Every structure is written in C-alpha cells, then in structure tokens.
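The structure presented is a predicted model; accordingly, all values stated were derived computationally and were not measured. Heavy atoms only: backbone and side chains are in, while hydrogens, waters and symmetry mates are out.
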Amino acid sequence: MAVSSEPPLPATAHAKPGPALNTHPVRVPSRWFRPTIRIRLTLLYGGMFLMAGVVLLAIIYLFAANTLKEGTLEIQVFGTNITLGKANCHDLPSVGTVNDINAAIDKCLRNQRAAVLQTFLNRSLLALLGLTVVAFAFGYAMAGRVLSPLGRITRTAQRVAGSDLHRRIELGGPDDELKELADTFDEMLDRLDRAFESQRRFVANASHELRTPLAINRTLLEVQLADPDASPELAQLGKTLLATNERSEQLVEGLLLLARSENKIVDKKPVDLAEVASQALDQARSEAQAKGVEIRGVRQQAFVQGNGVLLERIALNLVQNAVRYNRPDDGWVEITTEPQQDYAVLVVSNTGPAVPAYEVDNLFEPFRRLRTERTGSDKGVGLGLTIVRAAVRAHDGTTTAHPREGGGLVIRVVLPRDKTTNEQAAQDETSITAHTDTPPGTPTPG
C-alpha cells in the first residue's frame, strides 16, 4: 500500500465547517420564577391591596387635617377677658370664678372633640365606601382580563364540539398555566384532527379503489346477460350477481359520500332549499308512483349557505327513505320547506310502520334499520340517514326525528338561513313562490 509523502494538512485548513456545538448547558427557567398565574394573581391583588391602602391612608390624612383645622378651638386671654373662636360654646359664663370658667371651657373642648371625631368618622366611611366600589370594579375588570384566555379556550372547545376540528386556540402571552393548558389542548386537537382525517382518507381511498372492480363486474355481467344463447339458469345467476353487485356499488357510493359529508363545508354558496327539495322529489317520483305512494307538501323559498350537491343528497335520502319504508297502500310522503327568522327548515313526514321512540336515534347509526337484518334487505344499504345527519352537521345544522301518530316518522332539518339572499329575494318578489304537490281532488293549501 502506497503511503503519501505529503505532509498532512492542518485540520482547520480544508475541513468543512460543521454545525457549532453549544457546549454550555441549557438553562431551564425555574418554576419559581415563571410568570405563573399564581404569581401574577399574587402580585396583582397584593399590589391592588397596597395601592388601596395608600390611597385610603392619604384620604384619611387629608380628612383628618381638614377636620382638625375646622374644629380648632382658639382661646385668647386679655387680662380678665377670655375670647374663644371657631367654637360653639354658648354656655360659657361671662362672669364667674376661675373654676367655673375652666369647667365650662373643658366641657366645650369635649363637645368640640366629639363633633370633630363624628365628622371625621362620617367622611372616612364615605371614603371607604367609594374606594370599595372602585376596588370591586377594578378587581372585576382585572379578573376578567386574567381569565380571558379561559373564555377563549371555552369558545374553541364549543366550536370543536360542533365538529370543527380545524380550530386552534393558539394562545399567546406569558408561559403560564393557561398557555400550557391551551398548548396541550391544541396538541390534542392536532392528534384528533389527524386521526379523523386519516379515517376519512381511508374510507375515501377504499371506496375509490372498490369502484373499479365493481364496475368491471357489472360490465361483465351485463355482457353475459345480453347473450341470447345463455341458459335460463345462467341468466338467473347473472341477475342475482348483478343485483348483489349493484348493492355493493350503492354501499361504496354511500361510504364515499359519508366521508365527504363529514368534512366541514368551506366553499359555500346560496342555495334555495325549496328548489333542492323539488329536485329530490323529481328523482324519487317514479319510485313513489311504482309503490303507490302519494307525494304532497308546500315548499316555500328559503335560502341557505352550503353545498348544493350535499343539500340535494340530504333531501333525496330523506324522501327515498320515506318512500321505501312506507305502507303498501294509501301511503303518502309530505315534504315542506319553511323560512324562519334565523333558520330554514326542511320537514319530511311519511306514513309507515310504527317506530318506537327509543329506536329513533338508532336509525341514524350506520347500517342500522328498523327490525331488519343488516344484510338481506333490498331497501338500501343502511347509510341514508347517517349521511343526512353528517351532511347537516357539516352545514352547521341540526337533525331531529320523532315517531308520527299512526305510524311513520317526522324528520326535521334546521339549517342557518342566508339572510342577505333571502332579503334580496323578498325585495324582488312581491309574494313568496311556493312549490306545491297536492293529491288529486284536494284543494290547494293557502
């Protein structure tokens, strides 16, 4: 092995500069010197007490000096004459012995001292009362300022409770207990947001990946069923498989829509709830006619801010659910929209089997139906009402349901109104346009 005869270069000549290492130990601030809430409150209220004491002492000193000045008894002696000033001594004898005059002067001094003390006490009590009111007002304001981060944390928690996991507190200020609590809460929200986002991405990706093989299966089955030489057994098997494949496609579409509807709606536009309901009715009308279900109701114009596709899906799922779970004869579905002061209301009611009140909330859970198996039903995949509730929550609305007398359900969807669009529409139109579905022979409701 050849050995270089060149002298070795100095280590500092051509060596690449590396990151400088900090050899000094990191100084962690002691908890005793951190601006904690306890220390801040101690300094704040201790300083307020000291300031109040100083102010009260100064006021009392001024009152005492003023009172003593006003109540000073001046005595002047000119030979045998005695003159008293600034005193209300009306009982002094003009003629008498020295003892009588001294006794009268002593009595006058005691009366004057009592009057001075009473005046001083009254003024001190008034000063104390005024200072107490000021101290309470100042303490209330300072306590509100100190506790304002708690209000911010509470408001953020309320927004998060409304399914908005993208909110963060991001509290600034000193490194105290409240900032530590806010940072911990933000870290928890980050983890929850990542977990929910990962779950939604998984559902969406899985749904997308399942679409392709299901579409291929449907195409192959349709080609096989179109073959005129296929045997009846093979044709029947193809129809069964095609129905099963269609059910799987509905399930995948439902899962994908559920993953979309659980996200917060960001791009909102004015949408007429009555128009959305009418579009949903047009899509479900043929199925309702095939089942002999009558569709009726009055839909008044009511604008909301949201996503038109998801809002139409809300109405369509409710109508389809009301049509499919209905009576075999003389059944009806009523869908109405109504603008209120701050909200737009969509109500879907229908006839059908009796629903126990304790099972109503379970109908909004995934894959839950009323007294039916999770599989083997041709009425749906069990995601319709679940998608409705998720989409309504994404629009900052609420969904309620209760059993109807005589059977069936009444489902009420409440969404925040778009006041600007509603006011503009009210100015453009002299009367509210209503979309009406009335049964034959029934007078049109006013």
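For the pair Leu363 and Val355, the minimum side-chain heavy-atom distance is below 4.5 Å. In this structure, Leu346 and Leu415 have side chains that are not in contact, with every pair of non-hydrogen atoms separated by 4.5 Å or more. Between Val413 and Val345 there is no side-chain heavy-atom pair separated by less than 4.5 Å. With contacts defined as side-chain heavy-atom distances shorter than 4.5 Å, the pair Val348/Glu334 does not qualify. In this structure the side chain of Ile335 never reaches within 4.5 angstrom of the side chain of Val347, judged on heavy atoms. Gln305 places none of its side-chain heavy atoms less than 4.5 Å from the side chain of Pro416. Between Asn122 and Gln118 there is a side-chain heavy-atom pair separated by less than 4.5 Å. Taking the side chain as every heavy atom from C-beta outward, Trp332 and Ser349 approach each other to under 4.5 Å.
The structure places CZ of Arg389 at 9.0 Å from OG1 of Thr400, a figure rounded to the nearest 0.5 Å. Going from atom CZ of Arg194 over to atom CZ of Arg201 covers 10.5 Å, rounded to the nearest 0.5 Å. Note that CG of Leu192 and CD of Glu197 are 13.0 Å apart. Values are rounded to the nearest 0.5 Å. Of the inter-residue distances, the one linking Leu242 atom CG with Leu237 atom CG reads 11.0 Å to the nearest 0.5 angstrom. Between the CG atom in Leu318 and the CG atom in Leu409 there is a gap of 10.0 Å [rounded to 0.5 Å]. One distance of note links CZ of Arg313 with CG of Leu311; it measures 12.5 Å at 0.5 Å rounding.
Residue-environment remark: CD (Glu405) stays at or below the threshold of 12 foreign heavy atoms within 6.0 Å. Within 6.0 Å of CE on Met51 lie no more than 12 heavy atoms contributed by other residues, nucleotides or ligands.
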Can you check side chain to side chain contact (heavy atoms under 4.5 Å, CB included) on Val360 and His402, steps first, answer last? CA-CA 7 Å; Val360 171; His402 63 272; 5.9 Å; no
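Looking only at distances, a side-chain donor or acceptor of Asn350 sits under 3.5 Å from a matching main-chain atom of Tyr325. Looking at Asn321, its side chain never comes within 3.5 Å of a backbone N or O of Asn317 through a donor-acceptor pair. In this structure a side-chain-to-backbone donor-acceptor pair under 3.5 Å is present from Thr244 to Thr240. The main-chain N or O of Leu241 is never found under 3.5 Å from a side-chain atom of Asn245 such that the two would form a donor-acceptor pair. Of the possible polar contacts, one joining the Thr386 side chain to the Phe364 backbone as a donor-acceptor pair under 3.5 Å is found. Side chain of His395 to main chain of Val304: no donor-acceptor pair is present (N/O by atom type, distance under 3.5 Å, no hydrogens or angles).
Side-chain atoms of Gln283 and Gln320 include no donor-acceptor pair closer than 3.5 Å.
Applying the salt bridge (charged side-chain N to carboxylate O under 4.0 Å, His left out) test to every pair with at least one member in residues 43-64, sequence neighbours left out, gives no pairs at all.
Across Ala344 and Leu273, no two heavy atoms sit closer than the pair CB-CD2, 4.0 Å. Nearest heavy atoms, Pro339 versus Gln300: CD-OE1, 3.2 Å. Summarising the geometry of Asn326 relative to Gly331, their closest heavy-atom pair is OD1-CA, 3.5 Å, with the distance given to 0.1 Å. When all heavy atoms of Ala277 and Ala315 are compared, the closest pair comes out as CA-CB, 4.1 Å.
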Below 3.5 Å, can you tabulate the donor-acceptor pairs from side chains in residues 210-222 to any protein atom, sequence neighbours excluded?
unit_1 : atom_1 : unit_2 : atom_2 : d
Arg211 : NE     : Glu253 : OE2    : 3.1
Arg211 : NH2    : Glu253 : OE1    : 3.1
Arg211 : NH2    : Glu253 : OE2    : 3.2
Asn217 : ND2    : Pro213 : O      : 3.3
Arg218 : NH1    : Glu249 : OE1    : 3.1
Arg218 : NH1    : Glu249 : OE2    : 2.1
Thr219 : OG1    : Ala215 : O      : 2.9

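For the pair Glu287 and Arg324, the salt-bridge criterion is met [side-chain N within less than 4.0 Å of a carboxylate O].
Only one option out of Glu275, Gln301, Arg299 pairs with Thr337 in a side chain to side chain contact (heavy atoms under 4.5 Å, CB included); it is Arg299.
Residues meeting the side chain to side chain donor-acceptor pair (under 3.5 Å) test with Gln224, sequence neighbours left out: none.
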